[in-house]
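In what follows, a structure is listed as structure tokens, so that the remarks can point back to it.
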Amino acid sequence: MPEYEAVIGLETHIQLNTTTKIFCGCKADSWFDPPNTNICPVCTGLPGVLPVLNRAVVEKAVLLAAAMHAEIRPVSYFDRKNYFYPDLPKGYQISQFDQSIGKGGYLDLPIPAASAADKQAYTRRVSITKLHMEEDAGKTKNAGGRRFVDFNRCGVPLIEMVTGPDLRSADEAAQYLIRLRQLLRWLGVSEADMEKGHLRCDANVSIRLKGETGLNPKTEIKNVNSIDAVREAIEKEIARQIHETEAGRKIEAWTLEWDEDAGVLRKMRSKETEADYRYFREPDLLAVRLDDAWKQAILRDLPELPLERRARFVAQYGLPEYDADILTAERSLSDYYEAAVKAYGGDPKKVSNWLMNDVLRMLNDAGLKAEDLKLTPAHLAELLKLVDSGKINITTGKALLGKVQESGKSPAAIVEAEGLGLVSDDSAIRAVVEEVLAESPAEVASYKGGKLTLMGWFVGQVMRKMRGKADPNLARQILEELLQ
Amino acid sequence: MELCDLSALELRNLLRRKEVSAVEVLDAHLRRIDAVDGRPGTLDSAPLTDEDRRKVHALITRTDARARAQAEAVDRRLAAGEDPGPLAGIPVTVKDIFCVKGTPSTAASRILASFTAPYTATPVERMEAAGAVMIGKVNLDEFTYGSSNESSAFQPAPRNPWNPERVPGGSSGGSAASVAAGEAPLSLGTDTAGSIRQPAAFCGVVGMKPTYGRVSRYGLIAFASSLDCPGPLARSSADAALMLQAIAGPDPRDATSAAVPVPDYLAELEKGVKGMRIGLSPDYFQLTFPDPQTGEIRQQALPEEMRAAVLHAAEVLAGMGAEIIEDVPMPATRYGIPAYFVISRVEAASNLHRYDGVKYGYRTRRKPADLRDLYRKTRAEGFGPQPKLRILMGMYVSAAQYSEQYYNRALKVRAMIRNDFDRAFDPSGKYRLNALLTPTTPTTAFEMDAVYGDSVLMQYADQLTVPANHAGVPGISLPGGIAADGLPVGIQLLGPDFSEAELLRIGRAFEVGTAGEAWRQVKPLVLRER
Ligand SMILES: [Zn+2]
């Protein structure tokens, strides 16, 4: 069988996390609200109403466009995309057509070794062919033989972003979505939760013989609600196309729907001709003029991007890629890490270990973000210094994390208040050592008879009596002295 | 002289001096409506009677109770010594293309006949906040698509108070007729290609299309969004100024409303025309249109009396100190109608998409086979012929394969028309006009049923008014005389962006300069022998 490669482009719809909708004052997010509660004359398309653009939508679009290395148009336009559907109350969607806010752009997508066919990590440049603002439509559902419409989602701000046919495997498509989700949250423009529809993805899939450069007829996969489902659906579609091609059949331009429960693709419709949406400029809105002052004000908030920060963590702090990847998975965690490294002043890898082993577990268990922690980076740095200086041992240190998080008090204050510091008072330890030796004549005899490994047992006894607070090194010294 | 024959300013003064009450003013106007308006327009109306043929039929919906409550509120405020607002106690009618909370807002279409608006349009809200008393919603061409009012789904259609065998013009025909007949001194209309100015000319009243963006469109059921302008109809320039003052100004709910300060129109009104440069253009004294049979482009001079009225106005204004500039070229005028046909229909077809029987308004009573069938049946039954024509043409010319040939070309024409005005009004250019003086319409009001069958020809009646909509500039139509057929002749002034104060000033000067002329004393037929 000849070798095929997949040609995949992803069409994503990103729900922006603005407070209000794109053209009216209604609340944008209705995930927890009953149908038709966040609606008004404007978003339900009553006669005579007019849209007024929410500037926050433009600002978030500009941030995303900049992060995707897209050219940002100083003047862009809204257009009407005309079609009939009950969930589209105006009978047209206000979108951007030929002069959208973003032009071009790309994402340099790191493909980890685990996702690569030959287990070698590489970078795939994914081009962006479309990046525009638009309003969402509502939802319809059938129940009891009737059709219901929920307009809550009408007018929720979206960015439609489409890649070129640059992805070459289902794994690459999944990696793109993982990185896009990370970026959207990093920029603070979207919650990017696929299950809640904040990030929606349609995949265009075709195959060709390896080495070919042309494009073959593609199918479009819709209704995929998770990254795993995207990967699985594309894999199945690639396999189907190869099978069809091998069997000498042509691939037809179908639209396929992913059935999550059954794990299969179903044909929705054949796509013979492109629908004509009769686009024209939206006369109810002025051109979006992004003057320099506004643009600069927006881009002032553009943070260092996750992939850049990841590379810097490796270079600057000598972290392994693995650590850098985890620490930059989310922006507030990476900010937290850097703040802790600065406050600590010691080995950055040590901070990474504590974060990745303990703090992350704490975050995951509590469902918190790093920025929500009462355990501040300064607290963590202070705690590490307490361990370094022998004021507390590692076990106490780890237990302290939770106590700081619970109380918000500084580690030193808790150590002080709860007497958690190691006892390094010679006479106090000496008294306990003497007690232990007096209670254990048999062990003393064996030790003296040459069973030196019992030293650990003696130290353990001392620690138990002092409830772990003895400085173990000092206890060992005193034991050795008294057992001679 | 009855109260309902006084101007809004006169009524205002009487009310302020407590010589009359707002309720008395209201009652006088309601009596006038009872006397001259006849039965209101309804769906599936009974055939016209001889009685119907003598009435005005301006109204679709009377809002007597609402008006009475408003008038009583004004009287209470006056009695309490409070400022009741600049339009306090003044009756107004509102073209039924504006949404007014709690009232039917029909657009004169079956498809919206059952629609009661849950909110109020900004210009209406502003008039009511200024104390105006809304006495009813007046008839219009269905969705404003027409120049005669005959296309309304609510029949009988309005008739011209000067001669009920003639149309009142359109689409703000109900507005113009109601003002001419003394049913209200003020009416709120809309102008997309001349829809305020043309009926104002036909009915012998003042009608102003303000600069695009001067008055908010929020709550105006859209025809062609980039051309639609709400504006006042009144019996004098001063009353139009009073009303424009109340409705003009930026609106946070209309992104296309202009953030330009509103001048004090009344304060500017009496400043005269001395030193003003007023232009005349040969391109406004002829019509250019394709021959209906051969399609050949033909030019036709305007009837002499239309031309004479304009020249007479120029003479009057010159006598008052204005400088008349002749032969101002406005060469793109002739392309106004074809470009308008394309742009307005593309926008209209899209604006009509929302009437689908799903959410509000008319839904077919026949059982639909599926969703598409619901749309088809609902729209086929709900829309009259004019919306259907606009949908068909709008869909056609905006189709991807034609939009370059039609829509984008029309936009270029629009820019050419704008250039004509820019050149004429350029303060450092050759002409430096304050205003261009033209006829409003090629003819006086046409007969009922005469032109309605041919919508193309009816549209060419807008050739002299539509350029202002393309360019966005303000225009005003003033009564300029009475023709041999006994019908009013309108003259039009067009000015640069936001020059409403100057246009009203010229209008006022013209009224003062012609106050003694005989035609000023002639009353509309329906008001004679009263
Ligand atoms: Zn809303």
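Keep in mind the model is a prediction, meaning the values are calculated, not measured. Quick note on labels: first sequence line is chain A, next is B, and so on, each numbered from 1.
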**OP:** With side chain to side chain contact (heavy atoms under 4.5 Å, CB included) as the test, would you mind laying out the steps for A:V52 and A:F23 before giving the verdict?
**Re:** CA-CA 5 Å; A:V52 177; A:F23 298 126; 6.0 Å; no
**OP:** For B:T93 and B:S187, work out which heavy atoms get closest and say how close.
**Re:** OG1-OG, 2.7 Å
**OP:** Give the member of B:L227, B:I97, B:V358, B:V346 that has the highest number of heavy-atom pairs under 4.5 Å with chain A.
**Re:** B:V346
Subject >> For the student: nearest non-hydrogen atoms of B:F98 and B:P230, plus distance >> reply: CZ-CB, 3.7 Å
**OP:** Against chain B, label A:P41 side chain, backbone, both or neither, depending on which of its atoms sit under 4.5 Å from a heavy atom there.
**Re:** side chain
Subject >> Atom group of B:L374 that falls short of 4.5 Å from chain A, counting heavy atoms >> reply: neither
**OP:** Name the option with the most non-hydrogen atom pairs under 4.5 Å to chain B; the candidates are A:P283, A:P47, A:G91.
**Re:** A:P47
Original post:
Looking only at heavy atoms, what is the nearest atom pair of B:P250 and B:A258, with distance?
Top reply: CB-O, 3.5 Å
Original post:
How would you list, by chain and number, every residue that makes a side chain to side chain contact (heavy atoms under 4.5 Å, CB included) with B:A255, sequence neighbours excluded?
Top reply: A:L285
Subject >> Side chain / backbone / both / neither for B:A121 at chain A, heavy atoms under 4.5 Å >> reply: neither
Original post:
How far apart are the C-alpha atoms of B:M134 and B:E128, what are their side-chain angles, what is the distance that settles it, and do they pass the side chain to side chain contact (heavy atoms under 4.5 Å, CB included) test?
Top reply: CA-CA 7 Å; B:M134 189 187 84; B:E128 293 194 326; 3.6 Å; yes
**OP:** Could you pull out the closest heavy-atom pair between A:V49 and A:V42, with the gap in Å?
**Re:** CG2-CA, 3.7 Å
Original post:
Can you list the steps and then say if B:D141 with B:Q386 is a side chain to side chain contact (heavy atoms under 4.5 Å, CB included)?
Top reply: CA-CA 9 Å; B:D141 286 289; B:Q386 291 302 326; over 6 Å; no
Subject >> Region of B:L371 in contact with chain A, defined by heavy-atom distances below 4.5 Å >> reply: side chain
Distance-only criterion, 3.5 Å: which donor-acceptor pairs connect chain B and chain A?
| residue | atom | partner | partner atom | Å |
| --- | --- | --- | --- | --- |
| B:Y119 | OH | A:P47 | O | 2.5 |
| B:Y119 | OH | A:V49 | N | 3.4 |
| B:R217 | NH1 | A:D284 | OD1 | 3.0 |
| B:R217 | NH2 | A:D284 | OD1 | 3.0 |
| B:G219 | N | A:G48 | O | 2.7 |
| B:S350 | OG | A:R80 | NH1 | 2.9 |
| B:S350 | OG | A:N82 | OD1 | 2.8 |
| B:N351 | OD1 | A:R80 | NH1 | 2.8 |
| B:N351 | OD1 | A:R80 | NH2 | 3.2 |
| B:H353 | ND1 | A:G91 | O | 2.7 |
| B:H353 | NE2 | A:R278 | NH2 | 3.0 |
| B:R354 | N | A:K90 | O | 3.4 |
| B:R354 | NH1 | A:G45 | O | 3.3 |
| B:R354 | NH1 | A:L46 | O | 2.8 |
| B:R354 | NH2 | A:Y92 | OH | 3.0 |
| B:K359 | NZ | A:P89 | O | 2.9 |
| B:Y360 | OH | A:G45 | O | 2.7 |
| B:R372 | NH2 | A:F84 | O | 3.2 |
| B:S398 | OG | A:R278 | NH1 | 3.1 |
| B:A400 | N | A:D276 | OD2 | 2.7 |

**OP:** Could you list the residues that satisfy side chain to side chain contact (heavy atoms under 4.5 Å, CB included) with A:A61, not counting sequence neighbours?
**Re:** A:I101, A:M133, A:I159
